[in-house]
Engineer: 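This structure is in structure tokens; I'll ask about it shortly.
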Protein chains: 2
Amino acid sequence: MLSPIRAKSFDTDHLFDAALPTPGACLRLTRDEEIFGEGEDADYIYQVVSGSVRTYRILRDGRRQVDAFLFAGDYFGWEMGEAHRVTAEAMCDTSVRMIRRGALSDLVARRGDAARAVFHLTAEGLQRSQDHVLMLGRRSAIERVVGLLLDIAQRTRADAEIDVPMGRQDMADYLGLTIETVSRALTSLQDEGLIALPTVRHVVLKDRRALERMVL
Amino acid sequence: MLSPIRAKSFDTDHLFDAALPTPGACLRLTRDEEIFGEGEDADYIYQVVSGSVRTYRILRDGRRQVDAFLFAGDYFGWEMGEAHRVTAEAMCDTSVRMIRRGALSDLVARRGDAARAVFHLTAEGLQRSQDHVLMLGRRSAIERVVGLLLDIAQRTRADAEIDVPMGRQDMADYLGLTIETVSRALTSLQDEGLIALPTVRHVVLKDRRALERMVL
DNA sequence: CGCGTGCTTGAAGGGGCTCAACTCCCGTGG
DNA sequence: CCACGGGAGTTGAGCCCCTTCAAGCACGCG
């Protein structure tokens with residue numbers, strides 16, 4: 001997935017390090033606390049240090065679409081315009097680093113490898129969004145849930161046991177479903193012996209191979 | 001939408017001009033001709049000169065998800081890895097410009113404003129993808145069709161009369177619907193007097209205000 | 001212990017899908 | 001000029017998956 005290692009180039013995980021002399025510029029947040037809101041000025045770019053974050057948009061009539069879940073190491077808040085297009089909230093106790101857009105621009109102007117890192121990260125976000133589109137456009141409810149579980153497992157570097165950081169409503173709004181359908185999908189996966197649900201936010205992937213086959 | 005004009009910066013429409021001394025490096029394509037395929041090496045970045053292009057992915061069982069429609073001026077083929085993640089095809093007689101990824105990298109390394117232009121374009125693609133997600137996740141069939149019509153109108157700079165460059169199957173696979181549902185949505189919009197369909201690929205937006213209200 | 005919030009389960013309804021027939025173009029050739 | 005054929009689009013009927021509405025359950029917290 002990652003490009004071959006190049007000497008002296010930024011590891012994308014540490015893009016901010018070069019621009020942030022004091023790595024203590026952290027924001028600490030509690031459950032459901034807003035980081036920024038849709039329409040607000042996009043002055044900063046963020047990186048999750050610990051915890052997890054959701055971004056979403058809301059339609060006039062209240063329908064909500066969760067755009068992305070962000071975990072430790074993930075960057076968010078790349079907005080090309082002046083305003084944020086989504087709202088970002090912590091899903092649990094979370095800390096994030098911030099950097100002024102201007103500071104990042106300067107870094108990019110000074111160092112070509114930083115530009116490459118930024119491009120890489122944006123492209124990664126684009127890929128995620130494209131996968132999300134495929135999921136919503138052409139997959140059944142169960143396939144969507146399986147896709148999300150595998151995605152969480154991969155991105156939190158868990159293998160068989162995963163801690164689901166979000167509630168059913170967040171899952172539903174990410175997958176374009178209702179909480180009831182998500183719940184039914186999970187129990188049906190459990191009935192088929194593909195997963196186990198020791199607690200409501202803890203999932204055991206009992207047959208990962210079979211689950212992966214379901215989403216190609 | 002666009003950032004304020006900066007002296008000496010690239011107009012994103014003309015990003016390639018600086019990197020392409022001979023602007024004749026064009027590829028001419030006919031209907032349904034493939035530009036690149038999923039999994040192939042991503043050596044080039046492309047820009048539509050005239051005509052229109054679709055990008056898509058196909059699932060094992062044949063389900064297809066159209067990722068994007070590209071019109072004159074649009075760039076495509078931004079892949080961060082070595083391989084294309086989608087297939088790109090011309091939807092009609094089309095010509096595209098190409099530039100080696102390496103040449104673009106060089107340009108970006110040499111000129112900071114090119115980096116900004118590239119970032120801008122990638123971010124634009126990301127925004128489109130996010131809007132697509134919202135469409136697929138939380139909108140009804142009719143709302144999706146209206147959204148597509150308005151998007152085409154805007155991006156082809158048409159006001160009331162639009163030429164739909166794609167067939168019903170392409171629309172359906174972009175919107176996560178079936179051709180029958182797309183067709184029914186169009187006739188129901190016609191019945192309500194919101195649009196007219198003089199021919200199958202020609203749509204008149206009779207009440208644009210009302211249509212825009214439908215998608216917020 | 002009781003209450004509340006979030007999750008699960010059930011029953012009924014609906015929006016979009018499936019399958020199938022039909023229509024409309026449009027190009028081709030007699 | 002019309003007959004023919006074929007692909008694309010439309011329309012119809014029935015079904016199914018997901019939603020809606022409603023009730024029941026479980027866990028956590030005062």
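Lettering follows sequence order; numbering is per chain, from 1.
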Engineer: Which residues in residues 168-183 of chain B have at least one heavy atom lying under 4.0 Å from any atom of DNA chain C?
Structural biologist: B:G176, B:L177, B:T178, B:E180, B:T181
Engineer: Looking at A:T94 and A:G51, what are the two nearest heavy atoms and their distance?
Structural biologist: OG1-CA, 3.6 Å
Engineer: Should B:I195 and B:V146 be marked as a side chain to side chain contact (heavy atoms under 4.5 Å, CB included) after you check the CA-CA gap, both sets of side-chain angles, and the distance that decides it?
Structural biologist: CA-CA 10 Å; B:I195 65 167; B:V146 170; over 6 Å; no
Engineer: Please report the distance, rounded to the nearest Å, between CD in A:E143 and P in D:dC17.
Structural biologist: 12 Å
Engineer: Considering non-hydrogen atoms only, spot the tightest contact between B:R63 and A:R139 and give its length.
Structural biologist: NH1-CA, 3.7 Å
Engineer: For B:R31 and B:T187, take the nucleotide of DNA chain D holding the closest heavy atom to each; which residue's nucleotide lies nearer the 5' end?
Structural biologist: B:R31
Engineer: How many Å lie between NE2 on A:H202 and P on D:dG28, as a whole number?
Structural biologist: 14 Å
Engineer: Give the rounded distance in Å between these two atoms: CD1 of B:I142 and P of C:dG16.
Structural biologist: 8 Å
Engineer: Rounded to whole Å, how long is the line connecting atom CZ of B:R144 with atom P of C:dG15?
Structural biologist: 14 Å
Engineer: According to the interplanar angle, ranging from 0 to 90°, do the rings of B:Y46 and B:H84 count as parallel (below 30°), tilted (30 to 60°) or perpendicular (above 60°)?
Structural biologist: tilted
Engineer: Rounded to the nearest Å, what distance is computed from the CG atom of residue A:L197 to the C1' atom of nucleotide C:dT9?
Structural biologist: 15 Å
Engineer: Expressed in angstrom and rounded to an integer, what is the separation of B:R139 atom CZ from D:dC18 atom C1'?
Structural biologist: 20 Å
Engineer: According to a strict under-4.0 Å criterion, is B:S140 in side-chain N/O contact with OP1 or OP2 of C:dG15?
Structural biologist: no
Engineer: Look at the side chain of B:R138 and the base of D:dT19, then say whether one donor and one acceptor between them are separated by less than 3.5 Å.
Structural biologist: no
Engineer: When the distance from CG of A:L186 to P of D:dC18 is rounded to whole Å, what number comes out?
Structural biologist: 13 Å
Engineer: Apply the test side chain to side chain contact (heavy atoms under 4.5 Å, CB included) to residues A:H202 and A:D163: give CA-CA distance (whole Å), side-chain angles for both, the deciding distance (0.1 Å), then the verdict.
Structural biologist: CA-CA 5 Å; A:H202 201 86; A:D163 276 310; 2.8 Å; yes
Engineer: Would you call the rings of B:F69 and B:Y174 parallel, tilted or perpendicular, taking 30° and 60° as the class edges?
Structural biologist: tilted
Engineer: I need the CZ-P distance between B:R201 and D:dG9, as an integer number of Å.
Structural biologist: 6 Å
Engineer: Kindly indicate whether the side chain of A:R184 and the base of C:dG10 share any N or O donor-acceptor pair separated by less than 3.5 Å?
Structural biologist: yes
Engineer: List the steps and the verdict of salt bridge (Lys or Arg N to Asp or Glu O under 4.0 Å) for A:R155 and A:D74.
Structural biologist: CA-CA 9 Å; A:R155 292 173 59 195; A:D74 291 338; 2.7 Å; yes
